[in-house]
Amino acid sequence: MGTIAATTSLPGAPTAPSVRPRRASPWRLAYWTYCALVLVFLLAPIAAIVPLSFSSGSFLAYPLPGWSLRWYHEVLGGGRWLRALGVSLVVGMSATALSLVLGTLAALGLARLRGAWAAVLKTMILAPMIVPVILIAVGAYFFLAPLSLTSTFTGLILAHTVIAVPFVVVPVLTALELLDPNLARAAASCGATPPVAFFRITLPQVVPAMASGALFAFAASFDDVVIALLVAGPDQRTLPREMFSGLRDSITPALTAVATIMIAISTALFLAMQAVQRRARRQATLREA
(Lines give C-alpha, C1' and ligand atoms only; values in the text may rest on other atoms or scores of the structure.)
Protein backbone atom coordinates (compact mmCIF):
# COMPACT_ATOMS: atom_id res chain seq x y z
CA MET A 1 0.00 0.00 0.00
CA GLY A 2 2.86 2.36 0.84
CA THR A 3 4.56 1.69 -2.50
CA ILE A 4 1.33 2.35 -4.41
CA ALA A 5 0.74 5.58 -2.53
CA ALA A 6 4.30 6.74 -3.16
CA THR A 7 4.06 5.88 -6.84
CA THR A 8 0.84 7.77 -7.36
CA SER A 9 2.31 10.82 -5.64
CA LEU A 10 5.35 11.11 -7.97
CA PRO A 11 5.51 14.29 -10.06
CA GLY A 12 5.30 12.44 -13.38
CA ALA A 13 2.53 10.05 -12.37
CA PRO A 14 -0.76 10.40 -14.27
CA THR A 15 -3.57 11.96 -12.35
CA ALA A 16 -7.25 11.15 -12.59
CA PRO A 17 -9.18 13.63 -14.71
CA SER A 18 -11.20 16.04 -12.64
CA VAL A 19 -14.97 15.84 -13.05
CA ARG A 20 -16.43 19.25 -13.65
CA PRO A 21 -20.02 19.88 -12.74
CA ARG A 22 -22.18 20.04 -15.84
CA ARG A 23 -23.81 23.38 -16.29
CA ALA A 24 -27.46 23.55 -17.12
CA SER A 25 -27.92 24.54 -20.74
CA PRO A 26 -30.48 27.23 -21.63
CA TRP A 27 -32.61 24.66 -23.45
CA ARG A 28 -32.69 22.39 -20.41
CA LEU A 29 -33.64 25.30 -18.18
CA ALA A 30 -36.39 26.31 -20.60
CA TYR A 31 -37.66 22.72 -20.68
CA TRP A 32 -37.97 22.48 -16.90
CA THR A 33 -39.56 25.92 -16.75
CA TYR A 34 -42.14 24.83 -19.32
CA CYS A 35 -42.86 21.64 -17.33
CA ALA A 36 -43.30 23.68 -14.15
CA LEU A 37 -45.73 26.05 -15.88
CA VAL A 38 -47.78 23.14 -17.24
CA LEU A 39 -47.87 21.57 -13.77
CA VAL A 40 -49.04 24.84 -12.22
CA PHE A 41 -51.69 25.19 -14.92
CA LEU A 42 -53.03 21.70 -14.19
CA LEU A 43 -52.92 21.95 -10.40
CA ALA A 44 -54.16 25.54 -10.02
CA PRO A 45 -57.89 24.61 -10.21
CA ILE A 46 -57.36 21.92 -7.56
CA ALA A 47 -55.44 24.34 -5.36
CA ALA A 48 -58.37 26.75 -5.61
CA ILE A 49 -61.08 24.17 -4.85
CA VAL A 50 -59.61 22.39 -1.84
CA PRO A 51 -59.39 25.43 0.50
CA LEU A 52 -62.99 26.39 -0.33
CA SER A 53 -64.18 23.04 1.02
CA PHE A 54 -62.99 24.13 4.49
CA SER A 55 -64.80 27.48 4.38
CA SER A 56 -67.15 28.40 7.20
CA GLY A 57 -69.23 30.59 4.89
CA SER A 58 -72.12 29.66 2.64
CA PHE A 59 -70.69 31.05 -0.59
CA LEU A 60 -67.67 30.34 -2.76
CA ALA A 61 -65.57 33.41 -2.14
CA TYR A 62 -62.05 34.44 -1.26
CA PRO A 63 -60.81 35.42 1.26
CA LEU A 64 -62.31 32.70 3.41
CA PRO A 65 -64.46 33.99 6.30
CA GLY A 66 -63.11 31.18 8.47
CA TRP A 67 -62.17 27.53 8.61
CA SER A 68 -64.71 24.81 9.30
CA LEU A 69 -65.54 21.17 8.59
CA ARG A 70 -69.29 21.84 8.32
CA TRP A 71 -69.45 20.93 4.64
CA TYR A 72 -67.67 17.62 5.15
CA HIS A 73 -70.11 16.92 7.97
CA GLU A 74 -72.99 17.68 5.59
CA VAL A 75 -71.57 15.40 2.90
CA LEU A 76 -70.49 12.47 5.08
CA GLY A 77 -73.12 12.85 7.79
CA GLY A 78 -75.88 11.30 5.70
CA GLY A 79 -78.41 12.56 3.21
CA ARG A 80 -78.24 12.71 -0.56
CA TRP A 81 -74.46 13.06 -0.83
CA LEU A 82 -73.70 9.91 1.17
CA ARG A 83 -76.37 7.96 -0.71
CA ALA A 84 -74.89 9.10 -4.02
CA LEU A 85 -71.40 8.07 -2.87
CA GLY A 86 -72.72 4.63 -1.94
CA VAL A 87 -74.40 4.25 -5.34
CA SER A 88 -71.20 5.25 -7.13
CA LEU A 89 -69.15 2.73 -5.14
CA VAL A 90 -71.64 -0.12 -5.71
CA VAL A 91 -71.98 0.59 -9.43
CA GLY A 92 -68.24 1.16 -9.85
CA MET A 93 -67.21 -2.07 -8.11
CA SER A 94 -69.86 -4.11 -9.92
CA ALA A 95 -68.88 -2.71 -13.32
CA THR A 96 -65.21 -3.27 -12.49
CA ALA A 97 -65.77 -6.92 -11.57
CA LEU A 98 -67.82 -7.56 -14.71
CA SER A 99 -65.39 -5.72 -16.98
CA LEU A 100 -62.45 -7.58 -15.43
CA VAL A 101 -63.95 -10.93 -16.39
CA LEU A 102 -65.07 -9.86 -19.86
CA GLY A 103 -61.92 -7.88 -20.61
CA THR A 104 -59.60 -10.71 -19.58
CA LEU A 105 -61.51 -13.22 -21.71
CA ALA A 106 -61.47 -10.80 -24.65
CA ALA A 107 -57.73 -10.27 -24.26
CA LEU A 108 -57.14 -14.04 -24.21
CA GLY A 109 -59.08 -14.42 -27.44
CA LEU A 110 -57.35 -11.49 -29.15
CA ALA A 111 -53.91 -12.78 -28.13
CA ARG A 112 -54.54 -16.06 -29.95
CA LEU A 113 -56.25 -14.55 -32.99
CA ARG A 114 -54.22 -13.59 -36.03
CA GLY A 115 -55.00 -11.90 -39.30
CA ALA A 116 -57.27 -9.06 -40.34
CA TRP A 117 -60.11 -10.19 -38.09
CA ALA A 118 -57.91 -9.62 -35.05
CA ALA A 119 -57.43 -5.96 -35.96
CA VAL A 120 -61.16 -5.52 -36.63
CA LEU A 121 -62.20 -7.09 -33.33
CA LYS A 122 -59.57 -5.13 -31.42
CA THR A 123 -60.86 -1.89 -32.93
CA MET A 124 -64.44 -2.77 -32.01
CA ILE A 125 -63.54 -3.65 -28.43
CA LEU A 126 -61.46 -0.50 -27.96
CA ALA A 127 -64.06 1.75 -29.65
CA PRO A 128 -65.56 2.99 -26.32
CA MET A 129 -62.21 4.64 -25.59
CA ILE A 130 -62.42 6.61 -28.87
CA VAL A 131 -66.13 7.23 -29.42
CA PRO A 132 -67.52 10.26 -27.51
CA VAL A 133 -69.24 9.13 -24.35
CA ILE A 134 -72.45 10.94 -25.28
CA LEU A 135 -72.86 8.59 -28.26
CA ILE A 136 -72.32 5.59 -26.01
CA ALA A 137 -74.88 6.96 -23.55
CA VAL A 138 -77.50 7.50 -26.27
CA GLY A 139 -76.84 4.05 -27.75
CA ALA A 140 -77.05 2.44 -24.31
CA TYR A 141 -80.35 4.19 -23.64
CA PHE A 142 -81.98 2.98 -26.87
CA PHE A 143 -80.59 -0.52 -26.31
CA LEU A 144 -81.70 -0.80 -22.67
CA ALA A 145 -85.07 0.94 -22.97
CA PRO A 146 -86.86 -1.89 -24.89
CA LEU A 147 -85.50 -4.32 -22.29
CA SER A 148 -86.92 -2.22 -19.41
CA LEU A 149 -83.41 -1.83 -17.97
CA THR A 150 -83.31 1.95 -17.83
CA SER A 151 -83.65 3.47 -14.36
CA THR A 152 -82.26 0.23 -12.89
CA PHE A 153 -78.96 -0.71 -11.30
CA THR A 154 -78.55 -3.53 -13.81
CA GLY A 155 -78.80 -1.20 -16.79
CA LEU A 156 -76.43 1.35 -15.25
CA ILE A 157 -73.86 -1.34 -14.43
CA LEU A 158 -74.06 -2.77 -17.96
CA ALA A 159 -73.62 0.67 -19.51
CA HIS A 160 -70.62 1.41 -17.30
CA THR A 161 -69.16 -1.99 -18.14
CA VAL A 162 -69.13 -1.00 -21.82
CA ILE A 163 -66.81 1.95 -21.14
CA ALA A 164 -64.73 0.02 -18.59
CA VAL A 165 -63.91 -3.12 -20.61
CA PRO A 166 -61.33 -1.46 -22.92
CA PHE A 167 -59.32 -0.29 -19.90
CA VAL A 168 -58.92 -3.96 -18.92
CA VAL A 169 -58.26 -5.28 -22.43
CA VAL A 170 -55.33 -2.96 -23.14
CA PRO A 171 -53.00 -3.89 -20.22
CA VAL A 172 -53.99 -7.58 -20.15
CA LEU A 173 -53.48 -7.96 -23.91
CA THR A 174 -50.10 -6.26 -23.64
CA ALA A 175 -49.07 -8.63 -20.83
CA LEU A 176 -50.20 -11.66 -22.85
CA GLU A 177 -48.28 -10.52 -25.93
CA LEU A 178 -45.11 -10.17 -23.84
CA LEU A 179 -45.61 -13.58 -22.22
CA ASP A 180 -43.33 -16.36 -23.40
CA PRO A 181 -45.54 -18.92 -25.23
CA ASN A 182 -43.03 -21.67 -24.50
CA LEU A 183 -44.16 -21.67 -20.85
CA ALA A 184 -47.63 -22.94 -21.75
CA ARG A 185 -46.13 -25.49 -24.15
CA ALA A 186 -43.76 -26.71 -21.44
CA ALA A 187 -46.67 -27.09 -19.03
CA ALA A 188 -48.63 -29.04 -21.65
CA SER A 189 -45.65 -31.30 -22.31
CA CYS A 190 -45.53 -32.04 -18.57
CA GLY A 191 -49.12 -33.25 -18.66
CA ALA A 192 -50.95 -30.09 -17.56
CA THR A 193 -54.42 -29.60 -19.00
CA PRO A 194 -55.31 -26.21 -20.54
CA PRO A 195 -57.22 -25.03 -17.43
CA VAL A 196 -54.34 -26.05 -15.15
CA ALA A 197 -51.79 -24.36 -17.42
CA PHE A 198 -53.90 -21.19 -17.47
CA PHE A 199 -54.39 -20.93 -13.70
CA ARG A 200 -50.81 -21.89 -12.81
CA ILE A 201 -48.81 -20.33 -15.65
CA THR A 202 -50.73 -17.66 -17.54
CA LEU A 203 -52.91 -16.15 -14.83
CA PRO A 204 -50.11 -15.38 -12.32
CA GLN A 205 -48.21 -13.57 -15.10
CA VAL A 206 -51.13 -11.27 -16.00
CA VAL A 207 -52.50 -10.58 -12.52
CA PRO A 208 -50.60 -7.24 -12.21
CA ALA A 209 -52.00 -6.16 -15.58
CA MET A 210 -55.49 -7.19 -14.48
CA ALA A 211 -55.12 -5.16 -11.30
CA SER A 212 -54.00 -2.11 -13.27
CA GLY A 213 -56.91 -2.49 -15.67
CA ALA A 214 -59.35 -2.88 -12.77
CA LEU A 215 -58.18 0.41 -11.27
CA PHE A 216 -58.65 2.21 -14.59
CA ALA A 217 -62.07 0.58 -15.06
CA PHE A 218 -63.23 1.69 -11.62
CA ALA A 219 -62.03 5.22 -12.25
CA ALA A 220 -63.89 5.34 -15.59
CA SER A 221 -67.12 4.20 -13.95
CA PHE A 222 -66.74 6.34 -10.85
CA ASP A 223 -66.16 9.58 -12.80
CA ASP A 224 -68.94 9.10 -15.38
CA VAL A 225 -71.82 11.56 -15.44
CA VAL A 226 -73.15 11.46 -19.03
CA ILE A 227 -74.31 7.82 -18.96
CA ALA A 228 -75.81 8.32 -15.50
CA LEU A 229 -77.85 11.27 -16.77
CA LEU A 230 -79.46 9.22 -19.57
CA VAL A 231 -79.64 5.69 -18.16
CA ALA A 232 -79.97 6.05 -14.39
CA GLY A 233 -83.21 6.80 -12.59
CA PRO A 234 -83.99 8.65 -9.36
CA ASP A 235 -82.80 5.70 -7.28
CA GLN A 236 -79.45 5.45 -9.09
CA ARG A 237 -78.14 8.98 -8.58
CA THR A 238 -74.38 8.63 -8.64
CA LEU A 239 -72.03 11.14 -7.06
CA PRO A 240 -71.06 12.90 -10.35
CA ARG A 241 -74.74 13.15 -11.30
CA GLU A 242 -75.58 14.61 -7.89
CA MET A 243 -72.80 17.15 -8.36
CA PHE A 244 -74.17 18.06 -11.79
CA SER A 245 -77.62 18.62 -10.29
CA GLY A 246 -76.09 20.71 -7.52
CA LEU A 247 -74.37 22.94 -10.07
CA ARG A 248 -77.74 23.69 -11.69
CA ASP A 249 -79.72 24.22 -8.47
CA SER A 250 -77.47 25.95 -5.94
CA ILE A 251 -73.69 26.17 -5.71
CA THR A 252 -72.47 25.74 -2.15
CA PRO A 253 -69.10 24.77 -0.63
CA ALA A 254 -70.56 21.27 -0.23
CA LEU A 255 -69.74 20.75 -3.90
CA THR A 256 -66.10 21.59 -3.22
CA ALA A 257 -66.08 19.11 -0.33
CA VAL A 258 -67.41 16.40 -2.66
CA ALA A 259 -64.85 17.40 -5.29
CA THR A 260 -62.07 17.15 -2.70
CA ILE A 261 -63.25 13.68 -1.70
CA MET A 262 -63.27 12.61 -5.36
CA ILE A 263 -59.78 14.06 -5.81
CA ALA A 264 -58.60 12.04 -2.80
CA ILE A 265 -60.15 8.84 -4.20
CA SER A 266 -58.63 9.43 -7.66
CA THR A 267 -55.22 10.12 -6.11
CA ALA A 268 -55.46 6.93 -4.06
CA LEU A 269 -56.32 4.96 -7.20
CA PHE A 270 -53.39 6.51 -9.05
CA LEU A 271 -50.96 5.67 -6.24
CA ALA A 272 -52.31 2.12 -6.09
CA MET A 273 -51.86 1.78 -9.84
CA GLN A 274 -48.28 3.01 -9.57
CA ALA A 275 -47.59 0.50 -6.78
CA VAL A 276 -49.03 -2.33 -8.87
CA GLN A 277 -46.93 -1.34 -11.88
CA ARG A 278 -43.74 -1.09 -9.78
CA ARG A 279 -44.40 -4.52 -8.33
CA ALA A 280 -44.99 -5.94 -11.81
CA ARG A 281 -41.74 -4.44 -13.11
CA ARG A 282 -39.86 -5.77 -10.07
CA GLN A 283 -41.24 -9.27 -10.63
CA ALA A 284 -40.37 -9.11 -14.33
CA THR A 285 -36.81 -8.08 -13.46
CA LEU A 286 -36.48 -10.96 -11.02
CA ARG A 287 -37.76 -13.45 -13.60
CA GLU A 288 -35.29 -12.21 -16.19
CA ALA A 289 -32.42 -12.43 -13.69
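Values in this document were obtained by computation on a predicted structure and should not be read as measured data.
- Both Val231 and Leu229 sit in one connected hydrophobic cluster of ILVMFWY residues. Membership requires side-chain heavy atoms under 4.5 Å apart, directly or through other members.
- Ser88 meets the side chain to side chain donor-acceptor pair (under 3.5 Å) test with no other residue; sequence neighbours excluded.
- Atom CG in Leu255 sits 11.5 Å away from atom OG in Ser53 (nearest 0.5 Å).
- No side-chain heavy atom of Val206 sits less than 4.5 Å from a side-chain heavy atom of Leu108.
- To the nearest 0.5 Å, atom CD1 of residue Ile227 and atom CD1 of residue Ile163 are 4.0 Å apart.
- Here the side chains of Thr238 and Leu156 are in contact, with some heavy-atom distance below 4.5 Å.
- Taking Tyr72 as the reference, Phe54 meet the ring pair (Phe, Tyr, Trp, His ring centres under 6.0 Å) condition, with sequence neighbours excluded.
- Using a 4.5 Å heavy-atom cutoff, the side chains of Thr202 and Leu176 are in contact.
- Thr152 approaches Gln236 most closely through the heavy-atom pair N-OE1, 3.5 Å.
- With contacts defined as side-chain heavy-atom distances shorter than 4.5 Å, the pair Phe216/Val168 does not qualify.
- Cluster note: Leu178 groups with no other residue, as no ILVMFWY side-chain heavy atom lies under 4.5 Å from it.
- Between the side chain of Ser266 and the backbone N or O of Met262, at least one donor-acceptor pair lies under 3.5 Å.
- Leu215 and Val90 end up in different hydrophobic clusters when Ile, Leu, Val, Met, Phe, Trp and Tyr side chains are linked at under 4.5 Å.
- When hydrophobic side chains of Ile, Leu, Val, Met, Phe, Trp and Tyr are connected at separations under 4.5 Å, Val40 ends up as a singleton with no cluster partners.
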In residues 99-107, what donor-acceptor pairs under 3.5 Å come from side-chain atoms, sequence neighbours left out?
| residue | atom | partner | partner atom | Å |
| --- | --- | --- | --- | --- |
| Ser99 | OG | Ala95 | O | 2.9 |
| Ser99 | OG | Thr96 | O | 3.0 |
| Thr104 | OG1 | Leu100 | O | 2.6 |

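- Applying the under-4.5 Å side-chain rule to Ile, Leu, Val, Met, Phe, Trp and Tyr, the cluster around Tyr34 extends to Val38, Phe41, Leu42.
- For the residue pair Ser56 and Trp67, the shortest heavy atom distance occurs at OG-N, 4.1 Å.
- Side-chain contact check for His160 versus Asp224: some heavy-atom pair is nearer than 4.5 Å.
- One hydrophobic cluster, built from ILVMFWY side chains closer than 4.5 Å, holds both Phe270 and Val170.
- Every salt bridge (Lys or Arg N to Asp or Glu O under 4.0 Å) that Arg80 has, sequence neighbours left out, goes to Glu242.
- Minimum heavy-atom separation, Tyr62 to Ala47: OH-O, 4.3 Å.
- Rounding to the nearest 0.5 Å gives a distance of 4.0 Å between CG of Leu173 and CD of Glu177.
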List the atom pairs, donor and acceptor, that lie under 3.5 Å between side-chain atoms in residues 126-145 and the rest of the protein, sequence neighbours left out.
none

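- To the nearest 0.5 angstrom, Arg237 atom CZ is 14.5 Å from Leu85 atom CG.
- Interatomic distance, CD1 of Ile263 versus OG1 of Thr256, reported as 9.5 Å (0.5 Å rounding).
- Pairs engaging residues 56-65 under the salt bridge (Lys or Arg N to Asp or Glu O under 4.0 Å) rule: none recorded [sequence neighbours left out].
- With contacts defined as side-chain heavy-atom distances shorter than 4.5 Å, the pair Lys122/Val169 does not qualify.
- Grouping the Ile, Leu, Val, Met, Phe, Trp and Tyr side chains by contacts below 4.5 angstrom, directly or via other members, places Leu98 with Val162.
- The ring-ring contact (aromatic ring centres under 6.0 Å, His included) pairs that include a residue from residues 235-269 number zero, where partners must be two or more places apart or lie in different chains.
- Scored by the ring pair (Phe, Tyr, Trp, His ring centres under 6.0 Å) test, Phe222 finds Phe218 as partners (sequence neighbours excluded).
- Formation of a donor-acceptor pair under 3.5 Å by the Ser245 side chain with backbone atoms of Arg241 is found in this model.
- Going from atom OG of Ser55 over to atom CG of Leu69 covers 11.5 Å, rounded to the nearest 0.5 Å.
- You'll find the side chain of Leu52 reaches within 4.5 Å of the side chain of Leu64, heavy atoms only.
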Take Val225 and Met243, measure what side chain to side chain contact (heavy atoms under 4.5 Å, CB included) needs, and give me the verdict at the end. CA-CA 9 Å; Val225 62; Met243 293 179 66; over 6 Å; no
Going through the distances and angles, do Leu239 and Ile261 end up as a side chain to side chain contact (heavy atoms under 4.5 Å, CB included)? CA-CA 11 Å; Leu239 194 58; Ile261 293 174; 5.6 Å; no
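- Other members of the hydrophobic cluster containing Tyr31, listed by chain and number, are Trp32; membership follows side-chain contacts under 4.5 Å among ILVMFWY residues, whether direct or relayed.
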